[in-house]
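Before any comments, here is the structure.
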Amino acid sequence: MNREVCSAPGPDEDPARPGPAPSTGPDPFGWLGDAARLRERAGLVRTLRPREAGAGPLDLAGNDYLGLARDPAVTGAAADAARRWGAGATGSRLVSGSTALHAALERELAAFCGFEAALVFSSGYAANLAAVTALTGRDSLLVSDAANHASIVDGCRLSRARTVITPHADVDAVREALNGAGPTERSLVVSDAVFSVDGDAAPLADLARICRARGAALLVDDAHGLGVLGDGGRGALWATGLAGQPGVVATVTLSKALGSQGGAVLGPARVIDHLVNTARSFVFDTGLAPAATGAALAALERLRARPELAGRVRAHALALHRGLTERGFTARRPDAAVVSVRAPSAGEAVAWAARCRAEGLAVGCFRPPSVPDGISRLRLTARADLTGRQIADALATVEATAPAGARTPAGATAPAGARTPPERAAAAGSSGPPSPVGR
């Protein structure tokens with residue numbers, strides 16, 4: 001009987017590692033090729049584009065709203081924390097991953113935003129998953145805005161609660177959903193404070209009033225409000241007088257205005273204690289790295305010392321919006337830092353963003369499934385550290401690279417929802433102290 005003789009391993013081969021077994025059945029990942037081709041035909045292919053350190057294109061794509069990601073005090077605090085506490089947290093928060101830095105950040109976040117307590121997570125995504133799933137369950141009703149962030153959507157799916165998706169910013173639909181709660185169901189309404197696609201603000205005061213009347217809790221993702229809205233950037237809940245209310249919980253990210261990484265849940269102390277004991281994305285996740293924790297704490301201190309930054313980023317967002325609409329583009333009036341410009345199609349949006357980058361301007365490109373209404377957009381994010389010259393250059397680049405059909409024809413009516421109702425913009429843009437709910 002002939003036997004196959006195995007040759008000796010080559011110089012680049014690992015003799016202890018077996019080669020791939022021959023395929024003897026259907027390819028379990030064969031379907032991926034069809035999925036990739038469908039994405040390509042629809043103009044929905046996404047690619048990673050590593051950026052280099054140092055100078056690059058003018059960045060209106062990221063979320064460094066206050067320009068603190070490279071602030072020397074913030075980066076210095078990150079380096080100091082890594083040297084003192086180590087490169088990683090070394091374990092979950094309940095084992096070895098909690099440091100004095102985590103505790104200090106939680107105290108400072110809660111105090112700054114006007115809440116009783118806070119709990120820091122490894123990401124804003126994890127914070128939303130924790131809050132949604134731990135505060136609901138099979139015996140709960142979840143009412144979620146159709147334009148909420150994907151982390152909230154995933155939280156709803158994982159919660160096992162009966163979930164009602166209401167049309168975007170439709171207060172009457174929320175009221176109707178709560179009226180349909182079962183006699184033993186506890187209810188939670190969840191909404192972004194500022195929606196990431198168009199930058200419009202939720203009707204938080206109205207939502208809180210409905211929740212209070214029906215005994216429901218209100219959970220608000222203030223990722224795009226912290227550092228931008230409210231007195232000195234204390235957030236949308238502070239701006240609308242809801243911070244610290246007993247039935248209100250907030251989530252925030254540390255990766256946008258604070259220029260670091262991570263997330264947090266803020267609310268009554270008993271809510272935070274419940275999350276410590278039951279939230280799976282807290283209990284079973286490694287704690288936030290010390291460097292990110294130290295950076296976020298330093299950024300919060302910088303924001304306290306420079307409260308004018310919040311007003312500056314809002315002014316720059318309005319300047320971008322004004323310049324875009326004067327040039328004939330369809331853009332919603334921003335309630336915070338996000339300014340979106342409608343594109344004719346997903347493919348045109350990708351090409352438009354690529355042309356902007358080639359001219360030295362980085363902008364975001366939002367396409368399905370990231371956009372709930374199926375309309376692709378360029379997304380520009382204002383920063384507090386932009387100069388007037390940079391804003392003018394950005395506007396000129398967007399105009400010069402625009403595809404045919406990107407502008408609204410003269411005399412035509414902008415699509416529904418292209419402008420923010422003035423009463424919502426005024427409420428979200430308030431920079432004064434907290435006011436009573438419902439005022």
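Just so it is clear, the values below take in all heavy atoms, side chains as well, and ignore hydrogens, waters and symmetry mates.
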Subject >> Gap separating the OG1 atom of Thr163 from the CG atom of Leu142, nearest 0.5 angstrom >> reply: 4.5 Å
Original post:
Taking all atoms of both residues into account, what is the closest heavy-atom pair of Ala382 and Tyr65, and its distance?
Top reply: O-CD2, 3.6 Å
Original post:
Is it true that Arg270 and Asp273 make a salt bridge, defined as a side-chain N closer than 4.0 Å to a carboxylate O?
Top reply: no
Original post:
CG/Leu258 to CG/Asp71 distance, rounded to the nearest 0.5 angstrom?
Top reply: 11.5 Å
Original post:
Should the heavy atoms of other residues, nucleotides or ligands under 6.0 Å from CD of Gln261 be counted, would the total exceed 12?
Top reply: no
Original post:
Shortest non-hydrogen contact from Ala310 to Leu66?
Top reply: N-CD2, 4.5 Å
**OP:** Side-chain contact test, heavy atoms from C-beta onward, threshold under 4.5 Å: evaluate it for Val220 versus Leu204 and give yes or no.
**Re:** yes
Original post:
Does Arg377 come within less than 4.0 Å of Asp198, counting only side-chain N to carboxylate O?
Top reply: yes
Original post:
Considering residues, nucleotides and ligands other than Arg51, do more than 12 of their heavy atoms fall under 6.0 Å from its CZ?
Top reply: no
Subject >> Atom pair OG1/CZ of Thr136 and Arg160 - distance to nearest 0.5 Å >> reply: 10.5 Å
Original post:
Can a salt bridge be assigned to the pair Asp80 and Arg84 using a cut-off of 4.0 Å between side-chain N and carboxylate O?
Top reply: no
Original post:
Side chain of Arg367, backbone of Val45: donor and acceptor closer than 3.5 Å?
Top reply: yes
Original post:
Should Val338 and Val194 count as side-chain neighbours, where that means a heavy-atom distance under 4.5 Å?
Top reply: no
Original post:
Out of Asp192, Asn128, Asp222, which one pairs with Thr251 under the side-chain hydrogen bond (donor to acceptor under 3.5 Å, both in side chains) rule?
Top reply: Asn128
**OP:** Compute whether any side-chain donor of one residue and acceptor of the other, for Ser92 and Thr286, lie under 3.5 angstrom apart.
**Re:** no
Original post:
So Trp352 and Phe329, would you call those rings parallel, tilted or perpendicular, with 30° and 60° as cut-offs?
Top reply: tilted
Original post:
Which distance, rounded to the nearest 0.5 Å, do you find between the CG of Leu309 and the CG of Asp385?
Top reply: 9.0 Å
Original post:
Should we say atom CD of Glu176 is surrounded by more than 12 heavy atoms from elsewhere, each under 6.0 Å from it?
Top reply: no
Subject >> Gap between atom OG of Ser191 and atom NE2 of His168 - 0.5 Å precision >> reply: 8.0 Å
Original post:
Just wondering, do Arg357 and Leu361 contact through their side chains at under 4.5 Å, heavy atoms?
Top reply: no
Subject >> Student check: side-chain heavy atoms of Leu378 and Ser340 closer than 4.5 Å >> reply: no
Original post:
Do Ile152 and Asp221 come close enough that some side-chain heavy atom pair is under 4.5 Å?
Top reply: yes
Original post:
Thr325 and Ala331: which non-hydrogen atoms are nearest, and at how many Å?
Top reply: CG2-O, 4.1 Å
Original post:
Looking at the rings of His224 and Phe195, which for Trp means the six-membered one, are their centres under 6.0 Å apart?
Top reply: no
Original post:
Should Asp393 and Ile391 be marked as a side chain to side chain contact (heavy atoms under 4.5 Å, CB included) after you check the CA-CA gap, both sets of side-chain angles, and the distance that decides it?
Top reply: CA-CA 5 Å; Asp393 288 347; Ile391 292 173; over 6 Å; no
Subject >> Backbone of Asp200 reached by a side-chain donor or acceptor of Asp335 within 3.5 Å >> reply: no
Original post:
Counting only N and O atoms by type, is there a donor-acceptor contact under 3.5 Å from the side chain of Glu116 to the main-chain atoms of Ala269?
Top reply: yes
**OP:** Examine distances only and state if a side-chain atom of Ser144 and a backbone atom of Cys156 form a donor-acceptor pair shorter than 3.5 Å.
**Re:** no
Subject >> Flag if over 12 foreign heavy atoms under 6.0 Å of CZ, Arg49 >> reply: no
Subject >> Donor-acceptor contact present, side-chain Arg379 to main-chain Ser196, <3.5 Å >> reply: yes
Original post:
Which pair of non-hydrogen atoms, one from Asp145 and one from Ala169, has the smallest distance, and what is that distance?
Top reply: OD2-N, 2.7 Å
**OP:** Taking only Lys NZ, Arg NE, NH1 and NH2, and the carboxylate oxygens of Asp or Glu, determine whether Arg383 and Asp64 approach each other closer than 4.0 Å.
**Re:** no
Original post:
Which atom names give the shortest non-hydrogen contact between Pro290 and Ala87, and what distance separates them?
Top reply: CD-O, 4.2 Å
**OP:** Mark yes or no for whether Arg234, through its side chain, and Gly227, through its backbone, hold a donor-acceptor pair below 3.5 Å.
**Re:** no
**OP:** Apply the test side chain to side chain contact (heavy atoms under 4.5 Å, CB included) to residues Leu318 and Arg333: give CA-CA distance (whole Å), side-chain angles for both, the deciding distance (0.1 Å), then the verdict.
**Re:** CA-CA 7 Å; Leu318 289 172; Arg333 185 182 188 276; 3.9 Å; yes
Original post:
Heavy atoms, side chains only, cut-off 4.5 Å: are Val190 and Asn148 in contact?
Top reply: yes
Original post:
Is a side-chain donor or acceptor of Thr133 paired with a backbone partner of Gly155 at a separation under 3.5 angstrom?
Top reply: no
Original post:
Does Ser260 reach the main-chain N or O of Ala292 with its side chain, forming a donor-acceptor pair under 3.5 Å?
Top reply: yes
Subject >> Trace of the side chain to side chain contact (heavy atoms under 4.5 Å, CB included) decision for Leu141 with Leu188 >> reply: CA-CA 6 Å; Leu141 168 66; Leu188 176 72; over 6 Å; no
Subject >> Closest non-hydrogen atom pair, Ala394 against Leu58 >> reply: CB-CD2, 4.3 Å
Original post:
Would a distance-only check, ignoring hydrogens and angles, find a side-chain to backbone donor-acceptor pair under 3.5 Å from Ser281 to Ala126?
Top reply: yes
Original post:
Got Cys113 and Trp238 here, is their nearest side-chain heavy-atom distance under 4.5 Å?
Top reply: no
Original post:
For Ile272, which of Leu266, Asn277, Val249, Leu119 qualifies under side-chain contact (heavy atoms from CB on, under 4.5 Å)?
Top reply: Leu119
**OP:** Check whether any side-chain heavy atom of Ser255 sits under 4.5 Å from a side-chain heavy atom of Asn63, and report yes or no.
**Re:** no
Original post:
Out of curiosity, Ser122 OG to Asp285 CG, how far, rounded to the nearest 0.5 Å?
Top reply: 3.5 Å
Original post:
Hey, are Glu108 and Arg302 close enough for a salt bridge, meaning a charged N less than 4.0 Å from a carboxylate O?
Top reply: no
Original post:
Okay, side chain of Thr397, backbone of Leu395: is any donor-acceptor separation there less than 3.5 Å?
Top reply: no
Subject >> Val120/Arg93 under side chain to side chain contact (heavy atoms under 4.5 Å, CB included): CA gap, chis, key distance, verdict >> reply: CA-CA 9 Å; Val120 167; Arg93 292 288 307 276; 3.9 Å; yes
Subject >> Chi angles and distances behind the salt bridge (charged side-chain N to carboxylate O under 4.0 Å, His left out) call for Glu399, Arg355 >> reply: CA-CA 11 Å; Glu399 181 177 27; Arg355 290 192 294 269; over 6 Å; no
